[in-house]
Colleague: 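Can you read through this structure? Questions will come right after.
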Amino acid sequence: MTLTMLIAPFVVLNVVIGMVTYVTLLERKFAARMQSRIGPYRVGPHGLLQPIADALKLMMKEDIVPTAADRSIYNLAPIVFLLPCMLIFATIPFAPGLGVADLNIGILFFLAVSAMEIVGLFMAGWGSNNKYALLSAMRAVNQIISYDLPFIFSALVPVLLAGSLRLSDIAAAQGGGYWFIFYPVIGQLAFLFFIISTLAAENRVPFDILEAESELVAGFRVEYSGMKFALIQLGEYAHVIGSSYLGALLFLGAWGGPGPEWLGPIWFTLKAVVLFLLVTWVRWSFVRIRVDQILALSWKVLMPATLLLLVATGMVVVWRIAP
Amino acid sequence: MGLQPFLVLSSALFCIGLFGVITRRNTIGILLGIELMLNSVNINLVAFSRFNGSVAGMVFTVFTISITVAEMALGLAIVILLFRVRRTAMADHLDLLKG
Amino acid sequence: MTGEAVAFYALSAMLVVSALAVVLSKNLFHAVLWLALALTGTAGIFLLLDAEFLAAVQLLLYAGGVVTIVVFAIVVTERLVGETITQTNRRIAGGALVCGALLWLLITTVLERPLATERPIMPDDLTKAIGESVLTRFVLPFELLAVLMLAALLGAIYFARPEE
Amino acid sequence: MRTDPGTLALVSLLLPLASFFVLAIVAPFRRLGRPAAYFSVLCATGAFAAAVMAWLAQGESTIPTLHLWEWLPGQGKSLATVGVLVDPDSTVMLMLVTLVALLVQVYSLGYLHEEPPKGLGRYYTYQSLFAFSMMGLVLSPNLLQLFMCWELVGLCSYLLIGFWYPKPEAARAAVKAFWTTKLGDVGFLIGIVLLWRSAGTFDLTELHAMVQSSTLPLAGLSIITFCIYLGAAGKSAQFPFHVWLPDAMEGPTPVSALIHAATMVTAGVYLLHRTSWLFALTPDVLLIVAWVGAFTALLAAVLACVQDDIKRVLAYSTVSQLGYMMAAIGAGFSAAGFFHLLTHGLFKALLFLGAGAVIHAVGTNDISKMGGLARKMPITAIVFLIGTLSLAGIPFFGGYLSKEEILGAMWAGGLPGPFAVLMLVAFLTAFYMFRVVFLAFYGPSHVAASHGELVMTTPPDEGKIVHDQPGPHSSHLHDPPASMLLPLLTLAALAMFVGIYSTLIGPLLPAEAAEHAAPGWLTPSAVGVAVVGILLAWLTYQRRTINPESLASAFGPIRTAALAKFWVDDAFIFVYERVLLTFARVVGWTDRYIVDGVLNMVSAWTLTAGDDLRTIQTGKAQDYVYGVAVGVLALILWMKLS
């Protein structure tokens with residue numbers, strides 16, 4: 001066990017937490033611009049210290065536990081929820097050789113760990129002993145299961161094209177500007193499906209039925225406050241950022257870009273942020289859709305479509321190799 | 001680390017799972033016990049596969065996991081159906097097969 | 001003790017504790033969560049056995065899939081009953097005796113055998129090896145598995161369909 | 001043309017099969033009747049043409065052609081094959097079968113013209129199936145396929161005898177024929193299986209090769225050949241299995257001509273001829289064959305002398321001639337028997353068809369109710385006479401040379417006993433056949449006087465035909481229509497041709513060239529015996545110089561015995577009623593009170609025990625798992641301790 005093995009996770013964890021805090025600010029600013037507002041402006045120059053103020057406020061708030069709650073579960077839930085959201089960063093290489101663990105099953109690890117997020121989510125919903133929270137958790141589980149398969153299938157398209165499950169191999173396969181999103185037809189379709197299922201897996205608009213304010217108040221985290229609420233928020237945003245990184249890696253050539261090599265991580269982050277903004281744009285532009293529509297979209301459209309796409313990709317790969 | 005610790009661990013898990021299957025009153029509890037037992041079998045398979053240098057055990061683990069998921073879905077569907085029909089999840093009450 | 005051994009014993013302790021909790025916990029929901037922990041621990045054991053792919057599959061299918069299904073079942077049945085399901089055990093002494101004896105027998109059997117201690121060298125990319133043998137040597141079981149999955153799917157749908 | 005004879009034979013074989021399938025499956029077509037009949041006739045024509053071409057293609061060559069398909073795959077080599085084996089014998093036999101089948105089918109068009117369309121369709125379906133089965137039997141390259149076809153022809157025989165199944169006699173005769181032949185078939189099956197056990201093959205060619213290289217184990221071979229002979233005896237109506245054949249005359253007359261004269265009944269002879277190299281290894285069985293054959297010939301000839309039913313006379317004469325053939329085979333000259341089979345097939349079919357024409361016109365089988373028909377039906381009378389002369393073995397007629405050959409074979413085979421018997425039979429044959437001729441075709445007519453009462457009192461012998469027809473009247477008597485006449489004339493011409501050819505030039509088939517030197521006195525004496533028989537019949541029934549009654553009383557006891565069919569049927573009935581039924585009663589009692597009693601006791605105990613034990617079954621899955629766990633524990637403990 002070398003020292004770097006301990007240092008790398010520490011660094012990544014802190015960078016991610018820092019990023020996530022500032023991503024919230026980015027979203028608020030972006031949303032404000034879309035609505036012709038200015039957004040946070042008071043704390044610090046151009047409101048740049050706003051996230052820190054938010055964090056401090058949440059930390060100092062009173063921690064309330066409902067009387068009827070299943071206490072142990074209620075208390076554990078935010079951590080169990082946050083853990084997989086942070087773990088997904090473990091396998092992402094930010095530049096050649098720069099990452100916590102470049103597993104040979106990287107993408108599978110990513111998918112498996114992000115699937116575990118449901119457990120924490122459900123714990124939160126159940127532990128609160130609140131009807132809204134439980135309903136919300138149920139909806140979340142429902143939706144995440146439904147969109148897991150299209151998510152995996154669309155992510156498998158770059159895997160097939162690159163011929164490896166290792167994320168750095170996938171990134172390397174797109175070297176020289178041949179990003180998989182430019183791959184005729186297949187690349188664009190896979191990217192579209194990937195974005196849609198990412199939205200659903202992150203429970204973002206238009207798939208945010210689990211925290212639909214008009215129906216369920218604030219969803220599964222309705223009973224949480226203070227630091228626990230902050231942890232859940234942190235997890236959610238970390239998940240979004242992680243997915244954005246994954247999308248950038250799978251389809252947008254990861255660290256590839258003009259300029260010297262040390263610019264790589266910057267390019268990668270820039271692409272991820274662009275994806276994040278895309279998601280945010282969707283969030284503030286679209287309306288929520290019904291539960292049955294969400295399920296129908298997954299099982300009746302995305303599932304067959306991604307499956308066909310996967311088969312087509314397989315044929316392309318075989319055909320490409322065969323002659 | 002040899003093969004032995006893994007086998008001991010899997011035996012322990014197996015017996016605990018068996019205990020659950022025998023003693024639980026609730027049908028879902030029984031299913032959980034079965035899960036544990038299958039899990040210990042998987043550990044066994046992978047351990048033997050690793051220490052024999054053959055990939056077959058791992059392949060069968062993949063099969064086991066998939067079959068378990070299928071079996072679980074079916075088992076739970078049956079439990080839910082039993083619930084609808086007999087209004088109970090207690091295994092003691094489910095004795096239609098009584099001789 | 002090497003780091004691997006430390007990891008193994010830690011995982012084993014966690015596994016045994018969580019497994020016991022699965023079968024002894026009074027609260028069914030807690031039992032399910034303990035099961036999730038046990039399954040995750042098993043994934044860790046797989047990692048120790050160099051089977052990264054299986055670890056990932058274990059997490060993805062078991063911890064994700066199975067736990068989800070179980071949670072569903074609890075919620076659905078609970079709503080039907082209208083009260084929290086408490087979970088009790090019976091025949092504890094007999095069960096413990098039988099299982100304990102079985103465990104003792106198994107462990108003594110395992111310990112008295114000379115078993116492999118060295119790991120033979122296996123292909124670098126086990127995932128690839130598994131994938132290749134699934135589609136060559138084990139292709140028939142694999143296909144049968146697909147049929148089984150379909151049958152299970154249909155069966156589950158049939159059983160759980162709404163009452164007419 | 002030099003086409004492969006095997007392919008041609010296969011075509012010939014498959015045409016009737018196609019016809020059968022079409023008629024059997026396409027029910028609406030079958031129910032049309034006539035079109036179905038024409039289709040079947042067409043297929044039979046094709047089959048005959050193919051058979052002739054196969055014979056021509058085979059020519060002088062004695063090299064067999066084999067077409068085999070694997071049927072039952074076995075270890076190493078296939079257990080059983082199906083296919084065709086084409087050699088000179090099978091092509092000639094094939095030609096005979098297809099020819100008679102074709103002529104009979106044409107003949108039936110006229111004979112069964114009163115039959116409703118549905119029945120006609122059914123009749124031709126059976127006919128097609130029979131043609132296929134018989135050809136399959138003839139061409140079969142191994143004993144297994146032969147046995148299957150053997151059973152198939154038995155089935156067809158059953159179906160066709162019982163064609164007018166509403167008639168109780170017909171249904172009874174059908175069942176009798178079926179069971180009697182089945183008795184022999186069981187022996188046949190046992191023989192085949194035993195042979196397979198000792199030789200390891202069903203294939204005739206391989207068996208022949210084994211016999212030639214003396215690799216076939218001789219131990220137990222006598223039992224095998226005897227068992228096979230049993231099958232042949234059943235089919236070929238040898239004593240004591242001959243009882244079914246006269247009764248089988250309840251079927252339509254064309255069926256009798258085809259199945260019970262020319263083809264199926266000769267299958268036994270054919271089988272023995274095919275396997276003559278096998279029988280040659282077991283002279284003791286051959287001796288049995290010869291003696292039984294001669295005895296059957298005598299018995300049937302005596303029986304034929306006292307019959308008044310024209311078809312029964314012919315049937316007994318068939319039995320008698322089959323005895324001839326068998327005797328020749330028993331003497332070790334199977335080729336002579338086979339030759340007689342061929343010629344007999346021709347003229348016996350001719351006789352039956354002629355008899356059918358008479359019956360068709362007169363409406364009765366009884367010769368005492370005929371007489372003077374020669375003037376009304378001249379052509380029928382002539383062809384019938386040709387057939388009779390052939391059967392009697394008069395030179396220039398069909399059966400002359402073949403009969404001589406058999407007698408010569410008996411002499412050369414060193415069997416003076418059977419030889420003497422057969423000489424006697426030759427005399428009797430000429431006598432009873434000419435008795436029929438003189439009573440039916442010459443002398444005073446009894447037709448007109450008897451016909452009214454006939455219709456009123458006696459049940460119609462030929463089913464619907466008599467019912468539907470206006471009572472036969474002497475003024476209505478005339479030669480049959482063209483469709484019936486044509487086969488008659490064809491057969492008559494062939495019988496004449498064979499007779500003249502063989503008398504002047506020698507045996508028709510090169511394979512039948514005399515294998516033995518007959519003593520010079522044989523031919524004159526055989527012909528002389530026949531002529532004496534004819535003379536006796538003439539004096540008795542035509543000139544009436546000898547009173548038939550006094551002739552009868554001279555042979556009183558024999559006549560009485562013959563009228564009672566020598567009590568063979570009674571013996572069968574006795575065996576059935578006394579021995580079998582008594583045995584069955586004993587077995588039934590044992591079964592009911594001892595076997596069942598023990599079983600009832602055991603089952604009662606089981607029930608009680610089940611009632612007591614079922615409390616163990618709680619119906620709870622967990623309890624079972626608990627039991628399994630304890631069981632596993634016990635098992636591991638046991639394994640550890642032992």
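Proteins come first, then strands; the chains are lettered A, B, ... in the order of their sequence lines, and each starts at number 1.
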Colleague: Once rounded to the nearest 0.5 Å, what's the spacing between atom OG of Ser18(C) and atom CG of Leu39(C)?
Modeller: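 Answer for the OG-CG pair, Ser18(C) versus Leu39(C), is 8.5 Å.
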Colleague: Counting only non-hydrogen atoms closer than 4.5 Å, does Leu18(B) touch chain C with its backbone (N, CA, C, O), its side chain (CB onward), both, or neither?
Modeller: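 Contact with chain C involves both backbone and side-chain atoms of Leu18(B).
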Colleague: How about Glu118(C): does its CD atom have over 12 heavy atoms from other parts shown lying under 6.0 Å from it?
Modeller: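 Counting other residues, nucleotides and ligands, CD of Glu118(C) stays at 12 neighbours or fewer.
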Colleague: Let's test your reading of the structure: which of Val62(B), Val8(B), Leu36(B) forms the most heavy-atom pairs below 4.5 Å with chain C?
Modeller: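 Greatest number of close heavy-atom pairs with chain C: Leu36(B).
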Colleague: For Phe142(C), which atoms come within 4.5 Å of any heavy atom of chain B: side chain, backbone, both, or neither?
Modeller: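 When you check distances to chain B, atoms from both the backbone and side chain of Phe142(C) fall under 4.5 Å.
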Colleague: Which atoms of Asn42(B) are under 4.5 Å from chain C, going by heavy atoms: the side chain, the backbone, both sets, or neither?
Modeller: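 Interface part for Asn42(B): both.
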Colleague: Side chains of Thr68(B) and Ile34(B): does their closest heavy-atom pair fall under 4.5 Å?
Modeller: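 Of all side-chain heavy-atom pairs linking Ile34(B) with Thr68(B), none is under 4.5 Å.
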Colleague: So which residue, Ser10(B), Ala56(B), Ser49(B), Gly17(B), ends up with the most heavy-atom pairs under 4.5 Å with chain C?
Modeller: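 Greatest number of close heavy-atom pairs with chain C: Ala56(B).
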Colleague: Is the closest basic N to carboxylate O distance between Glu4(C) and Arg119(C) below 4.0 Å?
Modeller: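 Answer for the salt bridge query: yes.
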Colleague: Which residue out of Ile107(C), Leu48(C), Val134(C), Ile92(C) racks up the most heavy-atom pairs below 4.5 Å with chain B?
Modeller: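 Between Ile107(C), Leu48(C), Val134(C), Ile92(C), the count favours Ile92(C).
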Colleague: Of the listed residues (Ala152(C), Ala156(C), Cys99(C)), which shares the most heavy-atom pairs with chain B below a 4.5 Å separation?
Modeller: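 Among Ala152(C), Ala156(C), Cys99(C), the one with the most close pairs to chain B is Cys99(C).
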Colleague: Quick one: does Tyr158(C)'s side chain get under 4.5 Å of Leu154(C)'s, heavy atoms only?
Modeller: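 Side chain of Tyr158(C) against side chain of Leu154(C), heavy atoms only: no contact under 4.5 Å found.
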Colleague: If you take all heavy atoms of Met58(B) and Ala51(C), which pair is closest and at what distance?
Modeller: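 Closest pair (atom of Met58(B), atom of Ala51(C), distance): SD-CB, 3.9 Å.
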Colleague: Let me know if Glu132(C) has heavy atoms under 4.5 Å from chain B in its side chain, its backbone, both or neither.
Modeller: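 Answer is neither: Glu132(C) stays 4.5 Å or more from chain B.
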Colleague: Non-hydrogen atoms of chain B under 4.5 Å away: do they reach the side chain of Leu35(C), the backbone, both or neither?
Modeller: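 Interface part for Leu35(C): side chain.
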Colleague: May I ask you to name which of Val110(C), Leu106(C), Ile157(C) has the most heavy-atom pairs under 4.5 Å with chain B?
Modeller: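 Sorted descending by pairs with chain B, the first entry is Val110(C).
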Colleague: Is chain C contacted by the side chain of Ile16(B), its backbone, both, or neither, given a heavy-atom distance below 4.5 Å?
Modeller: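 The answer is both parts of Ile16(B).
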Colleague: Rounded to the nearest 0.5 Å, what separates atom CG in Leu7(B) from atom OG in Ser40(B)?
Modeller: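 Nearest 0.5 Å value for the CG-OG distance: 10.5 Å.
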Colleague: Leu13(B) versus chain C, heavy atoms under 4.5 Å apart: side chain, backbone, both or neither?
Modeller: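 When you check distances to chain C, only side chain atoms of Leu13(B) fall under 4.5 Å.
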Colleague: When heavy-atom pairs shorter than 4.5 Å are enumerated against chain B, which of Phe53(C), Trp34(C), Phe138(C) gives the highest number?
Modeller: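 Greatest number of close heavy-atom pairs with chain B: Phe138(C).
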Colleague: Let me know if Leu111(C) has heavy atoms under 4.5 Å from chain B in its side chain, its backbone, both or neither.
Modeller: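 Both the backbone and the side chain of Leu111(C) come within 4.5 Å of chain B.
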Colleague: What distance do Leu145(C) atom CG and Leu150(C) atom CG have between them, rounded to the nearest 0.5 Å?
Modeller: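 CG of Leu150(C) is found 11.5 Å from CG of Leu145(C).
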Colleague: Is it the side chain or the backbone of Arg113(C) that comes within 4.5 Å of chain B heavy atoms, both, or neither?
Modeller: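 Backbone only.
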Colleague: With a 4.5 angstrom heavy-atom cut-off, is it the side chain or the backbone of Leu102(C) that approaches chain B, or both, or neither?
Modeller: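 Its backbone and side chain both get close to chain B.
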Colleague: Any donor-acceptor pair under 3.5 Å linking the side chain of Ser133(C) with the backbone of Ile130(C)?
Modeller: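 Checked: pair present.
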Colleague: Could you check whether the rings of Phe6(B) and Phe51(B) sit parallel, tilted or perpendicular, using 30° and 60° as the cut-offs?
Modeller: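 Judged by the thresholds at 30° and 60°, the geometry between Phe6(B) and Phe51(B) is tilted.
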